[in-house]
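Just below is one structure, and these are the notes that go with it.
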Amino acid sequence: MASLICGKDGRRRISFYDVNHDRKTITLGRMAKKDCESVCGYVEKIVSSQLAGQAVDPKTAAWLGEIGDQLHAKLSAVGLAPERNNMSLERFTQSFIDGRHDVKPGTKEIWKQNAKALIERLGANCRLTDVTVADAEDYKQALVKRGLKSPTIGKRLQGAKMFFAAALKRKLIAENPFADVRINAVVDESRNVFVDRTTIYRVMEYAPDAEWRAIIALCRFAGLRCPSEVLSLKWTDINWAEKTIRITSPKTAHHEGGQYRLIPFFPELVTPLLEAQELAPEGAVYVISRHRSQAESPKGWRNTNLRSDFLDIIWKAGVKEWPKLFHALRGSCETELIERFPIQTVTKWLGNSPKVALKHYLRVLPEHFEKAVSETIDDPEKLAQNRAHNTSKWRKVAQTPKTRNPVFSEEKRGFQNYSTAKIAAVGFEPTTRGL
């Protein structure tokens with residue numbers, strides 16, 4: 001793929017064909033043959049990565065960062081390496097996003113939004129080496145001034161930090177200006193609402209068809225992520241005999257064992273899914289057939305829009321719109337399940353962790369306060385028994401004589417209690433055995 005050629009004058013050069021099948025040449029001069037062979041090997045690896053549309057391996061990336069400016073400029077001139085110290089922010093972020101083949105299209109869309117916001121602030125022609133710690137702090141303050149929520153600001157800063165960390169790894173910059181720029185993301189509890197069953201059943205009554213009733217039921221009574229997990233559910237994933245449903249989870253598919261999870265066939269799902277199955281077209285593969293074309297587009301799940309139709313259903317039902325429409329249904333489902341099953345079981349079913357569930361999904365309900373108050377006031381006999389038991393317990397502790405810990409007593413430490421010991425009447429000289 002790459003050939004090392006030695007001229008009659010002793011000068012060596014590397015010849016190769018790039019991704020456009022154009023012949024390119026790199027002149028190395030009078031370098032040692034062993035060094036030229038090493039450079040030729042790395043050139044071949046870079047060309048192979050470009051042909052495969054993949055990023056270079058870590059060892060080659062480290063080599064590109066360590067070579068001298070002269071050799072790096074020659075590689076850059078033939079398109080085998082990015083420009084050193086002169087790359088613009090816009091060009092780098094674009095090449096970084098395009099070069100990542102290990103993330104989903106939806107993730108790249110988020111990265112592009114972060115890059116766009118950063119470029120709008122710092123300028124499209126801003127060089128990576130020109131960005132300072134002061135610029136990073138100013139970017140943060142500009143986001144705050146715009147009135148963005150702290151989670152949004154945190155994601156913007158996280159994206160900027162990721163871009164410059166990648167540039168630092170490639171040794172295009174000396175330090176990451178966003179390394180110490182942070183903001184504490186505060187969860188807005190006013191947006192974390194619980195959607196009760198009375199409300200959701202009323203909304204389901206005004207759903208236009210069986211598919212929409214199935215969507216709402218899967219979100220509220222099974223806690224599926226919408227749209228990714230709802231639109232990924234197939235009829236073959238439902239085991240009517242064993243009363244289980246296999247959930248395909250695109251969000252956690254990159255984690256080991258996170259591609260699928262098994263949940264119980266909750267009773268609330270039976271009627272909506274039976275109705276959807278009876279009305280499904282012959283040969284239907286997916287439970288929800290609408291929006292499949294949008295979901296399979298290059299932008300993935302971010303291209304689907306179920307929110308607008310769902311808002312219309314809620315409006316027709318005469319129900320007040322709640323924040324985070326589908327997220328609230330998933331959180332309400334998890335809150336109810338936690339009341340009946342252990343948290344490790346529920347988080348396994350819903351595909352998150354106890355930490356994430358406590359922070360983002362579980363809700364404190366008015367019924368919890370009512371239950372606590374009623375249990376305290378409505379059972380005075382039990383309350384009196386508890387008080388008597390606690391009083392007796394503490395009296396017993398108070399009446400127990402205090403003793404020293406034997407571990408720290410003088411005898412255990414090898415010291416004699418000189419205040420009580422009897423000293424024999426002897427002279428100044430100590431007694432000697434045998435005298």
Can you tell if the side chain of F178 reaches within under 4.5 Å of the side chain of V133, non-hydrogen atoms only?
-> no

Any ion pair linking K145 and D138 (charged N to carboxylate O, less than 4.0 Å)?
-> no

In plain terms, say whether E90 and K116 are close enough for a salt bridge, that is, a side-chain N and a carboxylate O under 4.0 Å apart.
-> no

Residues in ring pair (Phe, Tyr, Trp, His ring centres under 6.0 Å) contact with Y201, at least two apart in sequence or another chain = F221

Taking all atoms of both residues into account, what is the closest heavy-atom pair of C226 and I215, and its distance?
-> SG-CG2, 4.4 Å

Start with the C-alpha distance between R290 and I288, add both sets of side-chain angles, then the distance that settles side chain to side chain contact (heavy atoms under 4.5 Å, CB included), and finish with yes or no.
-> CA-CA 6 Å; R290 57 164 50 95; I288 309 300; 3.8 Å; yes

Counterpart residues, salt bridge (charged side-chain N to carboxylate O under 4.0 Å, His left out), relative to D130 (two or more places apart) | R127

Do other residues, nucleotides or ligands put more than 12 heavy atoms under 6.0 Å from K45 NZ?
-> yes

Rounded to the nearest 0.5 Å, the OG atom of S3 sits from the CD atom of E44 at a distance of 8.0 Å

Beyond-backbone contact of I5 with I14, side-chain heavy atoms, under 4.5 angstrom | no

Would you indicate whether the side-chain heavy atoms of L337 and F266 approach each other to under 4.5 Å?
-> yes

May I ask you to check whether over 12 heavy atoms, not counting those of N125, lie within 6.0 Å of atom CG?
-> no

Between F265 and T244, does a side chain to side chain contact (heavy atoms under 4.5 Å, CB included) hold up when you go through it step by step?
-> CA-CA 5 Å; F265 197 144; T244 59; 5.9 Å; no

Find out whether P208 and I313 are in side-chain contact, i.e. whether some heavy atom of one side chain is under 4.5 Å from a heavy atom of the other.
-> yes

Give the minimum heavy-atom separation between T25 and V78, together with the two atoms involved.
-> O-CG1, 3.9 Å

Excluding sequence neighbours, so at least two apart, what forms salt bridge (charged side-chain N to carboxylate O under 4.0 Å, His left out) with D135?
-> none

Closest heavy-atom pair and its distance - W322, I314 | CH2-CD1, 3.7 Å

What's the spacing between I97 CD1 and K112 NZ if we round to 0.5 Å?
-> 7.0 Å

Just wondering, do L262 and I247 contact through their side chains at under 4.5 Å, heavy atoms?
-> no

Under 4.5 Å between any side-chain heavy atoms of V47 and D18, yes or no?
-> no

Before giving the answer on side-chain hydrogen bond (donor to acceptor under 3.5 Å, both in side chains), spell out for D57 and T60 the whole-Å C-alpha distance, their side-chain angles and the decisive distance to 0.1 Å.
-> CA-CA 5 Å; D57 60 274; T60 304; 2.7 Å; yes

For ring-ring contact (aromatic ring centres under 6.0 Å, His included), just list the numbers for W349 and F341, CA-CA rounded to whole Å, side-chain angles, deciding distance to a tenth of an Å, and then say yes or no.
-> CA-CA 11 Å; W349 288 343; F341 305 100; 5.1 Å; yes

One should read off an interatomic distance between L362 CG and T335 OG1, to the nearest 0.5 angstrom, of 5.0 Å

Enter the distance from I26:CD1 to L75:CG here, rounded to the nearest 0.5 Å.
-> 5.0 Å

Where P250 and S232 come nearest, the two heavy atoms and their spacing | CG-OG, 3.7 Å

When rounded to the nearest 0.5 angstrom, what is the spacing between CG in N352 and CG in L350?
-> 6.0 Å

Looking at V195 and S332, what are the two nearest heavy atoms and their distance?
-> N-OG, 2.9 Å

Are Y17 and R23 linked by a side-chain donor-acceptor pair shorter than 3.5 Å?
-> yes

N/O donor-acceptor pairs under 3.5 Å from side chains in residues 268-285, not counting sequence neighbours:
{"residue": "E268", "atom": "OE2", "partner": "R197", "partner atom": "NH1", "Å": "3.0"}
{"residue": "E268", "atom": "OE2", "partner": "R197", "partner atom": "NH2", "Å": "2.9"}
{"residue": "E275", "atom": "OE1", "partner": "R213", "partner atom": "NE", "Å": "3.1"}
{"residue": "E275", "atom": "OE2", "partner": "R213", "partner atom": "NE", "Å": "3.4"}
{"residue": "E275", "atom": "OE2", "partner": "R213", "partner atom": "NH2", "Å": "2.7"}

Quick one: which residue pairs count as a side-chain hydrogen bond (donor to acceptor under 3.5 Å, both in side chains) with a foot in residues 154-164, not counting sequence neighbours?
-> N114-R156

Ion pair present between E37 and R12, side-chain N to carboxylate O less than 4.0 angstrom?
-> no

In terms of the angle between their ring planes, are F310 and W212 parallel, tilted or perpendicular, with boundaries placed at 30° and 60°?
-> parallel

Measure the shortest side-chain to side-chain distance between L306 and L325 over non-hydrogen atoms and say whether it is less than 4.5 angstrom.
-> no

Those residues at least two apart in sequence (or on a different chain) that pass side-chain contact (heavy atoms from CB on, under 4.5 Å) with E137 are K140, Q141, V181

Pair Y286 + W235: ring centers closer than 6.0 Å | no

Partners of R11 by side-chain contact (heavy atoms from CB on, under 4.5 Å), sequence neighbours excluded?
-> D9, R30

Evaluate the salt bridge (Lys or Arg N to Asp or Glu O under 4.0 Å) criterion for residues E205 and K316: first the C-alpha distance (whole Å), next the side-chain angles of each, then the deciding distance (0.1 Å), finally the verdict.
-> CA-CA 10 Å; E205 289 178 3; K316 290 179 179 178; over 6 Å; no

So, E211 and S289: side-chain donor and acceptor under 3.5 Å apart, yes or no?
-> yes

Sorted by first residue and then second, give each salt bridge (Lys or Arg N to Asp or Glu O under 4.0 Å) pair with at least one member in residues 230-243; sequence neighbours left out.
-> D237-R246

Listed partners of W315 passing ring pair (Phe, Tyr, Trp, His ring centres under 6.0 Å), at least two apart = none

Is a donor on one side and an acceptor on the other found under 3.5 Å between the side chain of Q94 and the backbone of A115?
-> no

Apply salt bridge (Lys or Arg N to Asp or Glu O under 4.0 Å) to the pair R307 and D312, showing each step before the final yes or no.
-> CA-CA 9 Å; R307 176 182 172 83; D312 187 52; over 6 Å; no

Distance-only polar pair, side chains of T199 and D196, donor-acceptor under 3.5 Å = yes

By side-chain hydrogen bond (donor to acceptor under 3.5 Å, both in side chains), R330 pairs with (sequence neighbours left out) Y361

Which value, rounded to the nearest 0.5 Å, describes the distance between L358 atom CG and S353 atom OG?
-> 8.5 Å

Residues forming a side-chain contact (heavy atoms from CB on, under 4.5 Å) with A166, sequence neighbours excluded | F92, F96, R170

Considering non-hydrogen atoms only, spot the tightest contact between C219 and C333 and give its length.
-> O-CB, 4.2 Å

Would you say L118 and F164 make side-chain contact, with heavy atoms under 4.5 Å?
-> yes

All side-chain contact (heavy atoms from CB on, under 4.5 Å) counterparts of L148, not counting sequence neighbours | L143, R146, T152, I153

Side chains of S49 and Q54: do they bring a donor and an acceptor to under 3.5 Å?
-> no

Donor-acceptor pair, side chain of N239 and main chain of A241, under 3.5 angstrom = yes

